[in-house]
Number of protein chains: 2
Amino acid sequence: MPDTSDLQLDKMRDAASQASALLRSLGNQDRLLLLCQLSQEELCVGDIEERLGIHQPSLSQQLGVLRRDRLVTTRREGKRVYYQVADAKVLTLLQTLYQLYCAE
Amino acid sequence: MPDTSDLQLDKMRDAASQASALLRSLGNQDRLLLLCQLSQEELCVGDIEERLGIHQPSLSQQLGVLRRDRLVTTRREGKRVYYQVADAKVLTLLQTLYQLYCAE
DNA sequence: CCAACAATATATATTTCAATATATTATCTC
DNA sequence: GAGATAATATATTGAAATATATATTGTTGG
C-alpha cells in the first residue's frame with residue numbers, strides 16, 4: 001500500500017518528468033535563440049533566418065521540434081508562415097534565463 | 001567588418017550556448033529530482049538512493065554528469081561522499097521550475 | 001509554369017540512456 | 001595487516017535519441 005511519502009514521490013516524479021521535457025526542448029542553442037526572438041514578437045521563418053543566420057532547413061527542423069512539443073503555434077499568411085510562442089511556461093523560463101545570462 | 005548587430009548576435013549566441021548547456025544538464029528526470037533534493041540539504045549518495053529509489057550505478061552516473069558540469073561539489077566523510085549544489089544559477093532555475101510545476 | 005518560402009527526407013556522426021559488471025576506497029574484524 | 005564488507009565510482013555494451021549537412025519535395029502567388 002502506498003503511503004504519503006510514496007504519493008509525494010509520484011507527484012515529484014511527474015513534475016520532474018514534465019519539467020525535464022521542457023528543459024530538453026529549450027536545451028539547444030538554436031532553439032533557445034529562436035524562442036528568444038519569438039518571445040519578443042511573432043516572426044516568419046525568413047525573418048528568423050535573417051536575424052540569426054541559421055540555415056533554413058536547420059531552422060525548420062528546430063521549429064518542427066517546438067511545434068511537436070506544442071511550445072509554438074503557426075499562422076500562414078500567403079507564402080509565409082508566422083510563428084509565435086504558445087506556452088506561458090516558456091516565457092517565464094526565458095525571463096529567468098535572461099536575468100542569469102544576459103543582464104548585468 | 002562586424003557591425004553593432006553582429007556583435008550583439010555574438011553575445012546572444014554566447015549566452016545561448018551557456019544557457020542551453022545548463023538546460024541540458026537539468027534536462028533529465030533523475031538529475032532534476034536529485035538536484036531538487038540537494039537544493040534543500042547536503043546529502044550522501046545512499047541518502048539520495050533511498051529517497052528517490054534510483055539504482056546506485058545510475059545515480060552515480062548522473063552525479064558524475066553534474067560533477068563534470070561543475071553544478072555540484074563533493075566532500076568525503078569516511079566511506080560516504082556528500083554532495084551539494086555548487087552553482088547559484090541552478091538554484092535560481094530550480095526555484096522557477098518549482099513555481100511552474102510544483103506550486104498551486 | 002516559375003520563383004519564393006517552408007517542410008520533409010536522407011545520411012551520418014554524436015550523444016545519451018539503461019543495465020550489468022567490475023573496480024576503488026575506506027572501515028571493521030580478527 | 002590481511003581479508004571481509006560497505007559505499008561509491010567507473011567501464012562496457014547495445015539501443016535510442018539528437019545533431020548537422022545536404023538534397024528533395026510541397027505550397028502559394030504571380
Side-chain angles (χ1 to χ4, degrees), chain A residues 13 16-38 41-86, chain B residues 13-14 16-35 37-38 41-86:
Chain A
R13 271 201 265 258
S17 170
Q18 291 182 244
S20 63
L22 180 60
L23 293 171
R24 284 193 295 278
S25 300
L26 303 197
N28 170 282
Q29 189 181 7
D30 287 346
R31 287 197 294 272
L32 194 52
L33 280 170
L34 69 86
L35 280 172
C36 286
Q37 298 298 314
L38 292 178
E41 54 185 322
E42 190 190 47
L43 293 170
C44 70
V45 178
D47 291 339
I48 305 173
E49 196 180 348
E50 186 185 349
R51 290 184 189 214
L52 299 180
I54 301 172
H55 293 160
Q56 182 270 318
S58 176
L59 199 52
S60 257
Q61 178 166 346
Q62 302 310 335
L63 287 168
V65 172
L66 298 176
R67 258 184 283 128
R68 182 201 63 195
D69 298 345
R70 311 208 178 263
L71 303 185
V72 297
T73 52
T74 63
R75 173 177 72 81
R76 182 178 273 275
E77 195 175 311
K79 279 181 288 194
R80 303 186 178 178
V81 176
Y82 284 86
Y83 281 78
Q84 58 183 128
V85 177
Chain B
R13 271 201 266 256
D14 187 56
S17 170
Q18 292 180 244
S20 63
L22 181 60
L23 294 170
R24 283 192 296 277
S25 301
L26 303 197
N28 170 281
Q29 189 181 6
D30 287 346
R31 288 196 295 272
L32 194 52
L33 280 170
L34 70 87
L35 280 172
Q37 298 297 315
L38 293 178
E41 54 184 323
E42 190 191 47
L43 292 170
C44 71
V45 179
D47 291 340
I48 305 173
E49 196 180 347
E50 186 183 351
R51 289 182 189 215
L52 298 181
I54 301 172
H55 293 160
Q56 183 271 320
S58 176
L59 198 53
S60 255
Q61 178 167 344
Q62 301 309 336
L63 287 168
V65 171
L66 299 176
R67 259 184 284 127
R68 182 200 63 194
D69 297 346
R70 310 207 180 264
L71 303 185
V72 298
T73 52
T74 63
R75 174 177 71 80
R76 182 179 271 275
E77 196 174 308
K79 279 181 287 193
R80 303 187 177 176
V81 176
Y82 285 86
Y83 281 78
Q84 57 183 126
V85 176

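These numbers come from the heavy atoms of this one structure, side chains and all, not from hydrogens, waters or symmetry mates. Residue numbers begin at 1 in each chain, while the letters A, B, ... track the order of the sequences. Keep in mind that this is a model prediction, so the values were computed, not measured.
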Student: Which residues within residues 67-79 of chain B lie with some heavy atom under 4.0 Å of an atom in DNA chain D?
Tutor: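 Residues of residues 67-79 of chain B that come under 4.0 Å of DNA chain D are, in numerical order, Arg67(B), Lys79(B).
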Student: For atom CZ of Arg80(A), decide whether the heavy atoms of other residues, nucleotides or ligands shown that lie under 6.0 angstrom number more than 12.
Tutor: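 Check fails, neighbour count at 12 or below.
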Student: Over how many whole Å does the gap from Ile54(A) atom CD1 to dC5(C) atom C1' extend?
Tutor: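 The answer, rounded to whole Å, is 17 Å.
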Student: For the side chain of Arg31(A) and the backbone of Gln62(A), is there at least one donor-acceptor N/O pair under 3.5 Å apart?
Tutor: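 A pair under 3.5 Å: no.
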Student: Look only at the side chain of Arg13(B) and the backbone of Leu52(A), and say whether a donor-acceptor pair between them is shorter than 3.5 Å.
Tutor: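 Flag set: sc Arg13(B) to bb Leu52(A) pair under 3.5 Å.
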Student: Hey, are the side chains of Leu22(B) and Leu71(B) touching, using non-hydrogen atoms and a 4.5 Å cut-off?
Tutor: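 The answer is yes; the side chains approach within 4.5 Å.
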Student: For Ser58(B), which contact category applies under a 4.0 Å heavy-atom criterion: base, sugar-phosphate, or nothing?
Tutor: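 Here Ser58(B) touches no strand at all.
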Student: Using the closest heavy atom to pick a nucleotide of DNA chain D for each, name whichever of Arg31(A) or His55(A) lands nearer the 5' end.
Tutor: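 Result of the comparison: Arg31(A).
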Student: With a non-hydrogen cut-off below 4.0 angstrom, is Tyr83(B) in contact with a base, only sugar-phosphate, or nothing?
Tutor: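 Touches sugar-phosphate only.
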Student: Whole angstrom is fine here: how far is it from CG in Leu32(B) over to P in dT16(C)?
Tutor: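 These atoms are roughly 17 Å apart.
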Student: Could you check how far CD of Gln62(B) sits from P of dA19(C), rounded to whole Å?
Tutor: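 The distance from CD of Gln62(B) to P of dA19(C) comes to 12 Å, rounded to the nearest Å.
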Student: First and last nucleotide of DNA chain D in contact with chain B, 5' to 3', at under 4.0 Å to a heavy atom: what are they?
Tutor: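 So the contact region on DNA chain D extends dA6(D) to dT10(D).
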Student: In whole angstroms, how far is the C1' atom of dA7(C) from the CG atom of Leu59(A)?
Tutor: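 From Leu59(A) CG to dA7(C) C1': 11 Å.
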Student: Would a distance-only check, ignoring hydrogens and angles, find a side-chain to backbone donor-acceptor pair under 3.5 Å from Arg75(A) to Tyr82(A)?
Tutor: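 No, Arg75(A) side chain to Tyr82(A) backbone: no donor-acceptor pair under 3.5 Å.
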Student: Using a 4.5 Å cut-off on heavy atoms from C-beta on, say whether the side chain of Asp47(A) contacts that of Gln37(A).
Tutor: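 No, their side chains stay 4.5 Å or more apart.
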Student: What is the distance from atom CG of Leu23(A) to atom CG of Leu32(B), rounded to the nearest 0.5 Å?
Tutor: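 It is 6.0 Å, given to the nearest 0.5 Å.
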Student: Give a yes or no answer on whether the side chain of Arg70(B) reaches the backbone of Ala86(B) with a donor-acceptor pair at less than 3.5 Å.
Tutor: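 Side chain of Arg70(B) to backbone of Ala86(B): no pair is present.
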Student: Is Asn28(B) close enough to dT16(C) that one of its side-chain N or O atoms is under 4.0 Å from OP1 or OP2 there?
Tutor: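 Answer no for this pair, as no side-chain N or O of Asn28(B) is under 4.0 Å from OP1 or OP2.
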Student: Can you check the Gln56(B) CD to dA23(C) P distance for me, whole Å?
Tutor: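 In whole Å, dA23(C) P and Gln56(B) CD are 15 Å from each other.
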Student: Roughly, in whole Å, what's the span from CD in Glu49(A) to P in dA7(C)?
Tutor: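 Those two atoms, CD and P, are 11 Å apart.
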Student: More than 12 heavy atoms of other residues, nucleotides or ligands under 6.0 Å from CD of Glu41(A): is that the case?
Tutor: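 Yes, because the 6.0 Å sphere around CD of Glu41(A) holds more than 12 heavy atoms from other groups.
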Student: By nearest heavy atom, map Pro57(B) and Val65(B) onto DNA chain C; which one lands nearer the 5' end?
Tutor: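 Counting from the 5' end, the first nearest nucleotide belongs to Val65(B).
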